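Here is the structure we will look at, set down as C-alpha cells.
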Amino acid sequence: MKGKNEQRAGLLYGIGAYGMWGLVPLFWPLLEPSGAVEILAHRMVWSLGVVGIALLVLRRWAWIGELVRQPRRLGLIAVAAAVISVNWGLYIWSVNNGHVVEASLGYFINPLVTIAMGVLLLGERLRPAQWAAVATGFVAVLVLAIGYGQPPWISLVLAFSFATYGLAKKKVNMGGLESLAAETAVLFVPALGFLLWLGASGDATFLSAGAGHGALLAATGLVTAIPLVCFGAAAIRVPLSVLGLLQYLAPVFQFALGILYFHEEMPPERWAGFALVWVALILLTWDALRTARRTRAEALRLAVRAAEAAAPAATASASDPDANTPVK
C-alpha cells in the first residue's frame, strides 16, 4: 500500500513539475517592460537565493567541498550554466515576442536531438525504431523550414542547448538542488554585475516599474526552483519510463497556449511539420515502452532460473543432516 501511495505521490509531483513548466509562458509577459536579458539576470540571482535557503534548511552542504576539489566537474558546471542561460534567455525572449509555438517545438524535438547527440558524441547505437524517429524528426524540420521560409532557429537553439545541458548534467552527476545551486553560483556574479550596471545607467525596471513589478521579478527564483523540487520528488518515486512520458506535458501545454491564448498563426505547412514531430515522438515512446517491457520480462526469467537452480541444492542440504554439521 505504501508503495502505491508513493507512486501516486510521485505521479502528482511529476504532473505538477511539467505542468508548471508548461504554463510558465503565462508568467513571462507579466514582467514587461523588463527585457529578456534583465529577466534572465533576475532569474539567476533570485534562483540562487531560493536554492540556498532550501539547502540551508536541508543541511546539504558537504557536496560544495567535494566539487571545489574537482576542476573537471567545475568545468562541466560552467558549461551547463552557460548553455542553460542561453536556453532560458531565448525562451523568455520567444514568449514575450510572439513565438510560443516555435518555442514549444524546441522541447518537442529535444528528445530527438538528445538521441542524435548520443550517437555522434557518445557512440551510442540506435535501435531501428529510434533511427526511424530521428529521420522523421529531420524531415519535420525541413518541412517547417519551408513553411517558415527559414530554419526554425528558435526551436533548434532551444533543443540543442537543452540537450547539451542534459549531457553536461549527466556527466556531473549531481542532485537537482545541488546542481542548480552550483550553476546559479557560476552565473550569480555576472548576472548581479549586469543588474547593477543596468541600475547605474537608469535602464533597470526593478524599482522604477513599481513594487509589484519588483516582487514579480524576485518571484522568478520561485518559478525556477519549485518545479525543479517537484521534479526531484517525482524522480525518486516513479519509473524513468513514466517521467519520459510526462516530459511531453510541458510542450503540449506551451503549444496549446500559443494557439488558444496567444493566438499565434498555424498555417498548414506548420501543422504538417508538427504532425511529423509527433509521429517521431510516438515512435520513440512505443520503442521505449517495448524495450522496458522486454527488460522486465528478461529480468523475471533470470530470477526464475536462479530460483530453480538454487532449489535442488537447498533440497539436498535439507535431506542430508550431516551437510550442515561443522567439522571439529
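Fair warning: this is a prediction, and the values are worked out from it, not measured in the lab. Along the sequence shown, residues are numbered consecutively beginning with 1.
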Check: How far apart are the closest heavy atoms of Ala163 and Val113, and which atoms are they?
Finding: CB-CG1, 3.8 Å

Check: Considering only heavy atoms from C-beta outward, does the side chain of Phe27 approach that of Leu31 to under 4.5 Å?
Finding: yes

Checklist line | Thr224 side chain near Leu180 side chain, heavy-atom distance below 4.5 Å | finding: yes

Item checked: Shared-cluster residues of Val139, by chain and number - hydrophobic side chains joined below 4.5 Å -> Val143, Leu276

Next item on the list: Could you tell me the separation between the OG1 atom of Thr220 and the CG atom of Leu40, rounded to the nearest 0.5 Å?
Entry: 9.5 Å

Checklist line | Spacing of CH2 belonging to Trp131 relative to CG belonging to Asp287, to within rounding of 0.5 Å | finding: 13.5 Å

Note to self: Among residues at least two apart in sequence or on other chains, which ones pass side-chain contact (heavy atoms from CB on, under 4.5 Å) with Val50?
What the structure shows: Leu222, Ala225

Check: Closest approach of Glu265 and Arg270, non-hydrogen atoms and distance?
Finding: O-NH1, 2.9 Å

Next item on the list: Indicate, with yes or no, if Val186 and Leu55 share a hydrophobic cluster defined by side-chain heavy-atom contacts under 4.5 Å among Ile, Leu, Val, Met, Phe, Trp and Tyr.
Entry: yes

Checklist line | Considering all heavy atoms, the nearest Ala140-Gly273 contact | finding: CB-O, 3.5 Å

Item checked: More than 12 heavy atoms of other groups within 6.0 Å of Phe160 CZ -> no

Item checked: Tyr91 ring center within less than 6.0 Å of Tyr107 ring center -> yes

Notebook entry, point to check: Which heavy atom of Glu264 sits nearest a heavy atom of His99, and at what distance?
Noted result: OE2-N, 3.4 Å

Notebook entry, point to check: Has Phe262 got more than 12 heavy atoms of other residues, nucleotides or ligands less than 6.0 Å from its CZ?
Noted result: yes

Item checked: Arg73 side-chain N/O to Glu66 backbone N/O, donor-acceptor pair under 3.5 Å -> no

Note to self: Quick check: do Leu105 and Val101 have side-chain heavy atoms less than 4.5 Å from each other?
What the structure shows: no

Next item on the list: Please answer: with hydrophobic residues joined when any side-chain heavy atoms are less than 4.5 Å apart, are Ile39 and Trp88 in the same cluster?
Entry: yes

Margin query: Just verifying a value: how many Å separate Asn110 CG and Thr114 OG1, rounded to the nearest 0.5 Å?
Written below: 4.0 Å

Check: Under a 4.5 Å cut-off applied to non-hydrogen side-chain atoms, are Ser155 and Phe108 in contact?
Finding: no

Note to self: As an exercise, state the distance from CG of Asp203 to CD of Glu38, rounded to the nearest 0.5 Å.
What the structure shows: 8.5 Å

Checklist line | Name of the residue among Ile282, Ile109, Thr136 meeting side chain to side chain contact (heavy atoms under 4.5 Å, CB included) with Val277 | finding: Ile109

Next item on the list: Quick one: closest heavy-atom pair of Ala234 and Gly10, and the distance?
Entry: CB-O, 3.3 Å

Next item on the list: Tell me, please, which residues at least two apart from Ala250 pass side-chain contact (heavy atoms from CB on, under 4.5 Å).
Entry: Tyr18, Trp21, Gln254

Note to self: Taking CZ in Phe206 as the centre, count heavy atoms belonging to other residues, nucleotides or ligands within less than 6.0 Å. Is the count above 12?
What the structure shows: yes

Next item on the list: For residues Val141 and Pro151, determine if any side-chain heavy atom of one lies less than 4.5 Å from a side-chain heavy atom of the other.
Entry: no

Check: Taking the side chain as C-beta and beyond, is there a heavy-atom pair between Val24 and Met20 under 4.5 Å?
Finding: no

Item checked: Connected via hydrophobic side-chain network under 4.5 Å: Leu48 and Ile53 -> no

Check: Atom CD1 of Ile259 and atom CE of Met266: how far apart are they, to the nearest 0.5 Å?
Finding: 4.5 Å

Check: Are Trp271 and Phe255 close enough that their ring centers fall under 6.0 Å?
Finding: yes

Next item on the list: Look at the side-chain heavy atoms of Ile, Leu, Val, Met, Phe, Trp and Tyr, link any pair under 4.5 Å apart, and say whether Leu216 and Ile226 land in one connected group.
Entry: no

Checklist line | Shortest non-hydrogen separation from Tyr248 to Pro111 and the atoms involved | finding: CE2-CG, 3.9 Å

Next item on the list: For Tyr261, enumerate each residue passing the side-chain contact (heavy atoms from CB on, under 4.5 Å) test, keeping only those at least two apart in sequence or located in another chain.
Entry: Leu26, Leu257

Notebook entry, point to check: Would you say Val37 and Trp197 are hydrophobically clustered, going by side-chain heavy atoms of ILVMFWY under 4.5 Å?
Noted result: yes

Checklist line | Sequence-distant partners of Ala36, side-chain contact (heavy atoms from CB on, under 4.5 Å), two or more places apart | finding: Ile92, Trp93

Checklist line | Atom CZ of Phe162 with >12 non-hydrogen neighbours under 6.0 angstrom | finding: no

Between side-chain atoms of residues 76-83 and protein atoms elsewhere (two or more places apart, or another chain), which donor-acceptor pairs fall under 3.5 Å?
none

Notebook entry, point to check: So do Arg43 and Trp28 actually touch side chain to side chain, heavy atoms under 4.5 Å?
Noted result: yes

Next item on the list: For the pair Gln130 (side chain) and Ile115 (backbone), establish whether a donor and an acceptor sit closer than 3.5 Å, ignoring hydrogens and angles.
Entry: no

Check: Is there side-chain contact between Met44 and Ser85, with at least one heavy-atom pair below 4.5 Å?
Finding: yes

